[in-house]
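Contents: one structure, followed by commentary.
Atom set for the values below is all heavy atoms of this structure, side chains included, hydrogens, waters and symmetry mates excluded.
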Amino acid sequence: MSLSMTACGGSGGSADGSTAGNGGDGVSFTIFNSKSEIQEYLEEAAAKYSEENGVNIEVYYSNDTVAAHLSVKYASKEPYTLSMTDAKDIYTLGAEYGYDMSGQEWVQNTDYAITVDDKVLGYPVCIEARGMLYNADAIKNVTGEDFDPASITTLDEFTAFLDKLVAGGMEAPTAILKPDWSLGAHYLQQVYEERADVDGFVEALYGGTADLANDAKFNSLMDTFDVLMKYNAFAAGPISAEDEQVHQKMSEGEVAFQFGCCWEWNDIVDYDYTGNIGIMPVPQSVQDEYSDCLVGGGSKYFYIDNSEYTTDEQRAAASDFLNWLYSSEDGQKLISDTCGMVSAFSNNTVTCSNDLGNAVKQYVDAGKLVPNYEYDPDDHYSKVGASMQKYLAGQIDRAALAGEIEQYWSTVTPVEH
């Protein structure tokens with residue numbers, strides 16, 4: 001068995017990011033993992049699976065853009081047998097190279113499989129969602145009252161509550177993650193997602209006819225972002241703040257609110273965790289059908305390679321591994337308990353082991369998830385995220401930000417889907 005520990009501080013690997021081991025004398029197949037925070041758990045799961053099933057597994061991780069990394073592997077005629085990608089990659093790489101999994105039992109027990117041309121090509125790893133994270137214990141320590149996230153829906157209510165926290169002694173009650181993926185792919189992304197005709201709006205961006213400066217949703221979300229900036233604990237150096245600093249303040253209750261995602265749980269609990277961190281919709285000045293929803297859905301998808309470089313035996317072994325994740329007690333516990341993720345499958349009744357996952361599950365069950373928009377160009381978050389970073393640093397104003405975003409979209413090629 002070969003496993004990459006690059007993303008979680010492991011060492012001893014070769015130049016390609018793998019570490020060597022041995023799982024048995026049976027068929028060998030490779031897995032590409034693009035979800036760094038669960039790498040160490042996949043190591044344990046692959047070791048157990050290899051021992052019980054007599055297969056040889058290699059699991060790799062790369063910091064490169066998923067599509068670019070996998071394209072290089074295909075160009076070198078060495079694709080992974082099983083690849084974990086973003087949804088948009090299923091419509092491109094998966095559509096070209098993916099193996100049809102339509103006949104698998106798991107397809108009937110999820111609403112999140114990806115189908116292309118009547119072929120089921122994408123196996124959903126989990127459900128994730130974005131919203132406003134809050135530390136209920138930190139809030140109660142200041143206000144003396146239990147926090148009810150449903151009591152805050154509008155931006156005015158949110159601002160008044162932040163003022164209340166400041167008056168109670170919490171000098172700076174918010175924190176902001178500065179990476180381009182957080183600002184561009186997660187926060188700003190809501191501007192596209194929270195509207196009735198998402199594709200129509202994105203087509204206007206591509207065509208250069210969108211008017212972000214006068215768009216109600218853009219201004220609503222940027223109004224909220226301005227408030228987060230005003231009360232930011234790292235306001236003196238907002239683009240110098242490291243993720244670890246933000247998560248530590250959130251974990252230990254120095255701040256009360258941070259825009260983020262449920263997968264940040266593993267980062268938050270690394271510190272002196274107070275307990276009772278939850279997730280709520282982003283308060284906005286515009287009140288619409290999305291006001292009581294999180295944004296989310298299937299997050300990360302496996303596809304099985306169907307190219308000439310993978311054998312039928314390898315495809316069968318990879319398919320068996322996915323079925324093990326879906327149906328076995330160990331596989332279900334890996335997703336929901338060990339990794340603390342929200343399962344995308346209705347047959348998995350294992351309780352999610354973290355507060356954020358449990359909160360997201362409530363929104364899932366209530367039908368309160370705005371679907372992710374999955375079809376941004378590959379360089380979207382790096383380019384648009386850079387513009388958001390300039391805004392966060394006070395280097396450009398909102399009009400300039402809108403102009404840079406519009407300029408980006410008008411110069412890229414539409415993603416087919």
When you look at T81 and D305, which way does the side-chain contact (heavy atoms from CB on, under 4.5 Å) test go after all the steps?
-> CA-CA 5 Å; T81 313; D305 178 61; 5.6 Å; no
Step by step, work out the side-chain hydrogen bond (donor to acceptor under 3.5 Å, both in side chains) result for Y192 and N372.
-> CA-CA 9 Å; Y192 319 142; N372 295 315; over 6 Å; no
Hey, mind stepping through M101 and Y99 against side-chain contact (heavy atoms from CB on, under 4.5 Å) and telling me if it holds?
-> CA-CA 6 Å; M101 298 181 281; Y99 176 72; 4.1 Å; yes
Take D89 and K300 through the test salt bridge (charged side-chain N to carboxylate O under 4.0 Å, His left out) and record every step on the way to the result.
-> CA-CA 10 Å; D89 301 311; K300 298 295 184 181; over 6 Å; no
Could you check N33 against Q39 for side-chain hydrogen bond (donor to acceptor under 3.5 Å, both in side chains), going step by step and ending with a plain yes or no?
-> CA-CA 7 Å; N33 167 42; Q39 180 70 23; 2.5 Å; yes
Would E308 and K77 count as a salt bridge (charged side-chain N to carboxylate O under 4.0 Å, His left out) if you check the C-alpha gap in whole Å, the side-chain angles of each, and the deciding distance to 0.1 Å?
-> CA-CA 9 Å; E308 62 183 298; K77 301 180 181 180; over 6 Å; no
Please assess Y408 against L205 for the test side-chain contact (heavy atoms from CB on, under 4.5 Å), listing each intermediate value before the final yes or no.
-> CA-CA 9 Å; Y408 165 79; L205 286 168; over 6 Å; no
What's the verdict on side-chain contact (heavy atoms from CB on, under 4.5 Å) for Q389 and Q395, showing C-alpha distance, side-chain angles and the deciding distance?
-> CA-CA 9 Å; Q389 287 175 332; Q395 297 171 357; over 6 Å; no
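The ring of W181 has its center no closer than 6.0 angstrom to the ring center of Y187. For Y97 and Y80, the gap between ring centers reaches or exceeds 6.0 Å. Ring-centre distance between Y134 and F161: not below the 6.0 Å cut-off.
A donor atom on one side chain and an acceptor atom on the other are found under 3.5 Å apart for E157 and T153. With hydrogens and angles left out, the side-chain atoms of N347 and N109 include no donor and acceptor closer than 3.5 Å. The closest side-chain donor-acceptor pair between D337 and T351, if any, does not fall under 3.5 angstrom. Y381 and D379 are not linked by any side-chain donor-acceptor pair at a separation below 3.5 angstrom, with hydrogens and angles left out of the test. In the model, D376 has a side-chain atom that pairs as donor or acceptor with a side-chain atom of Q189 under 3.5 Å. Judged by distance alone, the side chains of S34 and D86 never bring a donor and an acceptor atom under 3.5 Å apart. With hydrogens and angles left out, the side-chain atoms of Y271 and E244 include no donor and acceptor closer than 3.5 Å. Residues D211 and N214 have side chains that bring a donor and an acceptor to within less than 3.5 angstrom of each other. No side-chain N or O of Q248 forms a donor-acceptor pair with one of E254 less than 3.5 Å apart. In this model, no donor atom of one side chain and acceptor atom of the other lie less than 3.5 Å apart for Y391 and D397. Between the side chains of N323 and Q104, a donor-acceptor pair is found at a separation under 3.5 Å.
Salt-bridge check for E374 with K88: failed, with every basic side-chain N at 4.0 Å or more from each acidic carboxylate O. Ion pair K383/D180 not flagged as a salt bridge, since none of the NZ, NE, NH1 or NH2 atoms sits closer than 4.0 Å to an Asp/Glu carboxylate oxygen. The pair K48-E44 does not meet the salt-bridge criterion, since no charged nitrogen lies less than 4.0 angstrom from a carboxylate oxygen. Note on K230 versus D226: no salt bridge recorded, every NZ/NE/NH1/NH2 to OD/OE distance being 4.0 Å or above. Salt bridge absent: D100 and R315 never bring a charged side-chain N and a carboxylate O closer than 4.0 Å. Using a 4.0 Å cut-off between charged nitrogen and carboxylate oxygen, K178 and D243 do not count as a salt-bridge pair.
Ring planes of Y375 and Y91: perpendicular class, angle over 60° (limits at 30 and 60°). Taking the six-membered ring where the residue is Trp, Y326 and F345 present perpendicular rings, their angle passing 60° and hence far from 30°.
With sequence neighbours excluded, the residues that form a salt bridge (Lys or Arg N to Asp or Glu O under 4.0 Å) with D215 are R195. Under the salt bridge (Lys or Arg N to Asp or Glu O under 4.0 Å) criterion, E264 pairs with no residue, sequence neighbours left out.
Put simply, the side chain of F257 does not reach to within 4.5 Å of the side chain of Y231, judged on heavy atoms. Side-chain contact between W409 and L212 is absent, with no heavy atoms from C-beta onward closer than 4.5 Å. Looking only at side-chain heavy atoms (C-beta outward), S28 and E58 stay at 4.5 Å or farther from each other. Proximity of P173 to V255: side-chain heavy atoms (C-beta onward) are nowhere separated by under 4.5 Å. Between S299 and I127 the shortest side-chain heavy-atom distance does not fall below 4.5 Å. Proximity of F302 to L325: side-chain heavy atoms (C-beta onward) are separated by under 4.5 Å at one or more points. No side-chain heavy atom of Y290 sits under 4.5 Å from any side-chain heavy atom of E193. For the pair I277/M250, a side-chain contact is recorded, criterion being any heavy-atom separation below 4.5 Å from C-beta on.
For D288 against S291, the heavy-atom pair with the smallest separation is N-OG, 2.8 Å. A pairwise comparison of heavy atoms in I57 and V59 identifies CG2-CG2, 3.8 Å as the closest pair. Nearest heavy atoms, A402 versus A213: CB-N, 3.9 Å. Heavy atoms only, all atoms of each residue included: T110 and A344 are closest at OG1-O, 2.7 Å. For the residue pair V107 and S102, the shortest heavy atom distance occurs at CG2-O, 4.0 Å. Shown here for V370 and C293, the closest heavy-atom pair between the two residues is CG2-CB, 3.7 Å.
Of the possible polar contacts, none joining the T154 side chain to the S285 backbone as a donor-acceptor pair under 3.5 Å is found. Panel note: side chain Y373, backbone E194; no donor-acceptor pair is recorded below 3.5 Å. No donor-acceptor pair under 3.5 Å is formed between the side chain of Q258 and the backbone N or O of L133.
For the atom pair CD (E105) and OG (S327), the distance works out to 7.0 Å, reported to the nearest 0.5 Å. Between M388 atom CE and I176 atom CD1 the span is 8.5 Å, to the nearest 0.5 Å. In this structure, the separation between CD1 on I335 and OG on S353 is 11.0 Å, given to the nearest 0.5 Å. Rounding to the nearest 0.5 Å places OH of Y363 at 10.0 Å from CG of L369. Going from atom CD of Q314 over to atom OG1 of T30 covers 7.0 Å, rounded to the nearest 0.5 Å. Between F225 atom CZ and M222 atom CE the span is 5.5 Å, to the nearest 0.5 Å.
By the 6.0 Å and 45° rule, K73 does not stack over the aromatic ring of F32. Taking the ring axis of F234 as reference, the NZ or CZ atom of K249 stays within 45° of it and closer than 6.0 Å to the ring centre.
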